[in-house]
Amino acid sequence: MAISAVARETVFALRRQIAKIEGTLPERLQAPAGAPLDADGGVGLTPNADLTIVRRGLAAALPDAYLPIGIEGLDAALSGGLPKAALSEIHGLETRDAGAVAGFALSLTSLILKRAQGLPVLWIGTTEIFREAGFPYARGLQACFGIEPEQLLFSEAPKLVDALWIAEEAARMTALAAVILEIAATRNGWT
C-alpha cells in the first residue's frame, strides 16, 4: 500500500513538473453534459458510456505546439492534436487491452519519429510489465508502424519506483524524441 502511495505521488509530481514547464496549471477536466460522475465528481468510467473528453488548451500556443494525429475529428477535439511538450496518458479499461493501448502508443510514436530528426524514443516499463505484456515485435514495428527497431529503446526497471525515476530523468533530456512509461494500473492505484 505504501508503494502505491509513493508511486502515485511521484506520478503527480511528474505531472506538476510538466505543467510548470508548459506554463500551465494542472486542472481537472470537466465532464461533458449528461456524463456520469464518480464519487469525487470526476468523469465516471462506466462501460458503454458515450463520453467525449475535451482538453482545455493553453491560453496562447505556438502553431507548432501540437502534434496533429491526422484524423480530423480527433484533432479538432484535441484543439489541434496532442501537445508536444506535455504528459499524455493513454489508458485501457482492462489488462487485456494492453495490446490495443500499445498499438495506439506505437502509432503516435510513428508520427513523432517522422518529425524527430533521428532522435530515438525511450520505452520504460517494469520487469513485471514486460514479462506480462512483452516487447513489441521488431518486424512488426517496421511493417505496421514504419518504425525501425533501432529507433525504439527499452529500459526495464526492477520496480515501479525505479521506472518512475527513469521516466522523470528521461523527460528532461533533449536527446530523445519521446518517453513512454508503461505501468499497470489497478483500481486502488499503480502497481
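In what follows, residues are counted from 1 in the order of the sequence shown.
Taking each heavy atom of Val179 and Ala171 in turn, the nearest pair found is CG2-N, 4.1 Å. Taking each heavy atom of Leu113 and Ala177 in turn, the nearest pair found is CD2-CB, 4.3 Å.
Without hydrogens or angle criteria, Ser110 side chain to Leu106 main chain gives no donor-acceptor distance under 3.5 Å.
From Glu89, atom CD reaches atom CD1 of Ile183 across 8.0 Å, with rounding to the nearest 0.5 Å. Ile166 contributes atom CD1, which lies 11.5 Å from atom CD of Glu168 (distance to the nearest 0.5 angstrom).
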Return a table of donor-acceptor pairs under 3.5 angstrom between the side chains of residues 145-163 and protein atoms on other chains or two or more places apart.
| from | atom 1 | to | atom 2 | distance (Å) |
| --- | --- | --- | --- | --- |
| Gln151 | OE1 | Glu148 | N | 2.9 |
| Glu156 | OE2 | Thr127 | OG1 | 3.2 |

Could you give the side-chain donor-acceptor pairs of residues 114-124 under 3.5 Å, partners two or more places apart or in another chain?
| from | atom 1 | to | atom 2 | distance (Å) |
| --- | --- | --- | --- | --- |
| Arg115 | NH1 | Leu111 | O | 3.2 |
| Trp123 | NE1 | Glu182 | OE1 | 3.0 |

Return a table of donor-acceptor pairs under 3.5 angstrom between the side chains of residues 67-76 and protein atoms on other chains or two or more places apart.
| from | atom 1 | to | atom 2 | distance (Å) |
| --- | --- | --- | --- | --- |
| Asp75 | OD1 | Ile69 | N | 2.7 |
| Asp75 | OD2 | Ile69 | N | 3.4 |
| Asp75 | OD2 | Gly70 | N | 3.0 |

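Taking the ring-ring contact (aromatic ring centres under 6.0 Å, His included) definition, one finds that Phe104 meets it with nothing, sequence neighbours left out. Residues passing the side chain to side chain donor-acceptor pair (under 3.5 Å) test with Arg139, sequence neighbours excluded: none. With sequence neighbours excluded, the residues that form a salt bridge (charged side-chain N to carboxylate O under 4.0 Å, His left out) with Glu169 are Arg172.
Trp165 and Leu176 fall within the same hydrophobic cluster, defined by Ile, Leu, Val, Met, Phe, Trp and Tyr side-chain heavy atoms under 4.5 Å apart, directly or through other members.
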